[in-house]
Every structure is written in structure tokens, then in C-alpha cells.
Amino acid sequence: APATPAAITFAAPSGLTGTATDGTITLNWNDNANSEWGYQVENKEGTNTTWTALGTTGPNQNTSLTISSHRPNTVYQYRVRATKNNNANLTLYSNTFTISTQPLIAPTNLAATRTNERDIAFTQTDNSSGETGFLIEYRVAGEFGWAVLGTVGANISSINAPDLFDPATSYEFRTTAFFGEATAPEQFSDPSNVATAQTLFTAPTGLTASPASNTSVQLDWTDNSSVE
């Protein structure tokens with residue numbers, strides 16, 4: 001006898017849950033339909049009362065749907081529903097799932113290396129997925145208080161700061177992830193570890209003296225510095 005075809009179902013998804021980092025949320029739900037064309041995904045941020053449509057997935061998209069560009073340290077609500085026939089048919093919504101993104105995660109492993117007499121290069125481990133950029137601060141080693149060196153964009157692990165420092169000086173540096181406008185960030189991570197680098201003031205070499213006249217001497221040397 002021919003096999004009995006599976007019954008066509010178009011039931012609402014259930015069991016919506018998920019996990020979060022400081023910038024991404026990964027959703028999972030139970031796919032209870034076998035005839036859907038996809039799933040509509042909606043969310044609300046913080047105290048907002050209006051649902052925002054984020055888009056539609058393909059069919060059977062019920063595990064590990066990762067959505068980026070969330071605000072760190074913020075509460076979100078999510079719901080999904082099945083759709084077919086170009087949204088002419090929609091199921092009821094799933095349960096509403098509430099989750100908070102994590103606070104911004106501090107960068108680690110900051111290292112500072114002198115690349116020239118007054119040039120410093122930095123490397124760091126970017127541990128955050130929700131930052132807008134990184135704030136770089138510095139001070140003369142041993143002093144109190146930090147001054148702003150500048151900011152860089154998101155996902156940066158290598159930074160160059162050429163010709164900005166006094167020669168023959170020891171400096172301390174730290175970086176901090178931020179979210180928001182660089183001129184007025186809304187959120188900061190904890191600072192990174194403090195890294196130290198020493199600039200140089202290179203001495204001349206090869207000094208020679210030769211008679212120039214009965215009363216004068218000609219001095220010659222190699223200038224090894226570019227910052228004197």
C-alpha cells in the first residue's frame with residue numbers, strides 16, 4: 001500500500017529561548033509547522049511598547065538564529081511566528097522571550113611597542129561584539145590621571161600612534177571599549193590592563209675632530225635622531 005502522506009501542519013512556534021553576548025542574541029524555538037515559508041522575527045528594546053519587525057527567515061529556521069547590533073547591557077523581548085503565501089497566512093506568535101545583553105567586555109592583553117623614537121604601536125584582544133569603538137588613554141609612567149590619546153573603531157586589535165610622544169620618556173597606556181558616539185559614549189567597559197613603552201632619544205655616533213686651521217677644529221658626527 002502506498003505510504004500515507006504526512007499531514008500538513010501550520011502551527012505556531014513554541015519554546016522560544018536564547019542566549020546573549022554584549023552585542024548579539026541567538027534565538028532557538030520549536031518548529032511546529034511543516035508547511036511554513038519562513039518565520040517572522042520581532043523584538044522590543046528596553047521599555048519600548050511597540051514591536052519592531054526584524055525580518056523573515058527561511059523555513060525550518062528554528063535553531064541558532066543569531067542577530068547582531070544590539071545595545072549592550074539592555075533588556076530585549078522577542079517573539080516569532082510562522083508565515084506562508086507571502087504573509088497571507090500567519091500563525092499565532094510564539095511565547096515572548098525576554099533576555100538582557102551583557103555589559104561591554106573589556107579588552108585584554110594590551111601591549112605597547114616602540115616602533116621609532118616617538119612612535120608607539122599597540123595590540124590588544126577585542127573581547128566584545130557590541131562596541132562602537134575603543135578609547136585610548138595615556139600618561140607619563142608614575143603620574144596620576146589619564147589623558148585621552150584618541151579613539152578607534154570597532155573590532156580593532158592593532159593600533160599605531162606615530163610621532164605623538166616626547167622622546168626618552170616612559171608612558172603607560174590603557175584601552176576601553178565604548179558604545180555610542182565617540183564624542184559622548186553611552187556605555188564603557190572596564191579598562192584593559194596597563195601597558196608600558198619607553199620612547200628614545202638616540203645619541204649621535206662617530207664623532208671625529210680634525211684641524212680646520214691653526215685656531216679651529218672641525219667636528220663631524222652621525223646624527224641618529226629624528227626628533228632633536
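Treat the numbers as computed from the prediction; the structure is a model and nothing was measured.
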Problem set entry | Non-hydrogen side-chain atoms of L27 and I67 separated by less than 4.5 Å | yes
For this session: Step through the shown structure and confirm whether more than 12 heavy atoms of other residues, nucleotides or ligands are within 6.0 Å of CG on L92.
Result: no
For this session: Give a yes or no on whether the backbone of T50 and the side-chain of N48 come within a donor-acceptor separation of less than 3.5 Å.
Result: no
Exercise. Would a line drawn from the ring center of F178 to the ring center of F134 be shorter than 6.0 Å?
Worked result: no
Problem set entry | Over 12 non-hydrogen atoms of neighbours within 6.0 angstrom of CD in Q198 | yes
Exercise. Counting only N and O atoms by type, is there a donor-acceptor contact under 3.5 Å from the side chain of N193 to the main-chain atoms of T108?
Worked result: no
Exercise. S210 and Q218: side chain to side chain donor-acceptor pair (under 3.5 Å), yes or no, with the steps?
Worked result: CA-CA 5 Å; S210 58; Q218 174 70 38; over 6 Å; no
Seminar exercise, completed: Residues passing the ring-ring contact (aromatic ring centres under 6.0 Å, His included) test with F122, sequence neighbours excluded, are F173
Exercise. At what distance, to the nearest 0.5 angstrom, does OG1 of T132 lie from CZ of R71?
Worked result: 9.0 Å
Exercise. Which other residues end up in the same hydrophobic cluster as V75, if Ile, Leu, Val, Met, Phe, Trp and Tyr are linked when side-chain heavy atoms come under 4.5 Å apart?
Worked result: none
Exercise. Is it true that W29 and Y39 have ring centroids separated by less than 6.0 Å?
Worked result: yes
Problem set entry | Straight-line distance of L149 CG to E137 CD, nearest 0.5 Å | 9.5 Å
Exercise. Does a side-chain heavy-atom distance below 4.5 Å link T57 with L65?
Worked result: yes
Exercise. Is any side-chain heavy atom of F10 less than 4.5 Å from a side-chain heavy atom of K84?
Worked result: yes
Exercise. With sequence neighbours excluded, what pairs up with T196 under the side-chain contact (heavy atoms from CB on, under 4.5 Å) test?
Worked result: S170, E172
Exercise. For N95 and S14, which heavy atoms make the closest approach, and how far apart are they?
Worked result: OD1-C, 3.8 Å
Seminar exercise, completed: When every non-hydrogen atom of P191 is compared with those of T176, the smallest separation belongs to CA-OG1, 3.6 Å
Seminar exercise, completed: Note: I120 and R114 closest approach over all heavy atoms is CD1-CA, 4.0 Å
Seminar exercise, completed: Which of T125, T123, D126 passes side-chain hydrogen bond (donor to acceptor under 3.5 Å, both in side chains) with N109? Answer is T125
Exercise. Taking atom types as modelled and ignoring hydrogens, do the side chains of N87 and Q40 form a donor-acceptor contact shorter than 3.5 angstrom?
Worked result: yes
For this session: Kindly compute the distance separating OG1 (T175) from CD1 (I159), expressed to the nearest 0.5 Å.
Result: 6.5 Å
For this session: Please examine the side chains of S189 and P107, heavy atoms only from C-beta on, and report whether any two atoms are closer than 4.5 Å.
Result: yes
Exercise. Apart from W146 itself, what residues make up its hydrophobic cluster when side-chain heavy atoms of I, L, V, M, F, W and Y under 4.5 Å apart count as a link, directly or indirectly?
Worked result: V194
Problem set entry | Minimum-distance pair of heavy atoms, taken over all atoms of L16 and Y78 | CD2-O, 3.4 Å
For this session: Find out if a path of hydrophobic residues (ILVMFWY) with successive side-chain heavy-atom gaps under 4.5 Å connects I156 to L104.
Result: no
For this session: Please lay out, stage by stage, how S128 and D22 fare under the test side chain to side chain donor-acceptor pair (under 3.5 Å).
Result: CA-CA 7 Å; S128 177; D22 59 353; 2.3 Å; yes
For this session: Kindly indicate whether the side chain of Y93, heavy atoms from C-beta on, has any atom under 4.5 Å from the side chain of V80.
Result: no
Exercise. Side chains of T74 and T101: do they bring a donor and an acceptor to under 3.5 Å?
Worked result: no
Exercise. Passes side chain to side chain contact (heavy atoms under 4.5 Å, CB included), F179 versus N73? Steps please.
Worked result: CA-CA 10 Å; F179 177 85; N73 200 29; over 6 Å; no
For this session: Nearest 0.5 Å please: distance from the CD1 atom of I25 over to the CG atom of L54.
Result: 9.5 Å
For this session: Tell me, with the steps shown, if N89 and E36 meet side chain to side chain donor-acceptor pair (under 3.5 Å).
Result: CA-CA 9 Å; N89 302 103; E36 81 278 7; over 6 Å; no
Exercise. What's the shortest heavy-atom distance between T91 and P13, and which atoms?
Worked result: OG1-CD, 3.7 Å
Problem set entry | Contact check, side chains of V41 and T56, non-hydrogen atoms, under 4.5 Å | no
Exercise. In Å, rounded to the nearest 0.5 Å, how long is the span from OG1 of T52 to CD of E42?
Worked result: 8.5 Å
Exercise. Parallel, tilted or perpendicular for Y138 and F165, by the 30°/60° rule?
Worked result: perpendicular
Exercise. Would a distance-only check, ignoring hydrogens and angles, find a side-chain to backbone donor-acceptor pair under 3.5 Å from T199 to T169?
Worked result: yes
Exercise. Is a donor on one side and an acceptor on the other found under 3.5 Å between the side chain of Q102 and the backbone of A20?
Worked result: yes
For this session: Assess whether side chain to side chain donor-acceptor pair (under 3.5 Å) is satisfied between N32 and T9, documenting all intermediate values.
Result: CA-CA 7 Å; N32 298 319; T9 59; over 6 Å; no
For this session: List in chain and number order the residues that pass ring-ring contact (aromatic ring centres under 6.0 Å, His included) with F188, two or more places apart in sequence or in another chain; answer none if no residue qualifies.
Result: none
Problem set entry | OG on S94 to CZ on R79, rounded to 0.5 Å | 8.5 Å
Seminar exercise, completed: Sorted by chain and number, sequence neighbours left out, ring-ring contact (aromatic ring centres under 6.0 Å, His included) with Y76 holds for H70
Problem set entry | Considering all heavy atoms, the nearest E131-A177 contact | CB-CB, 4.0 Å
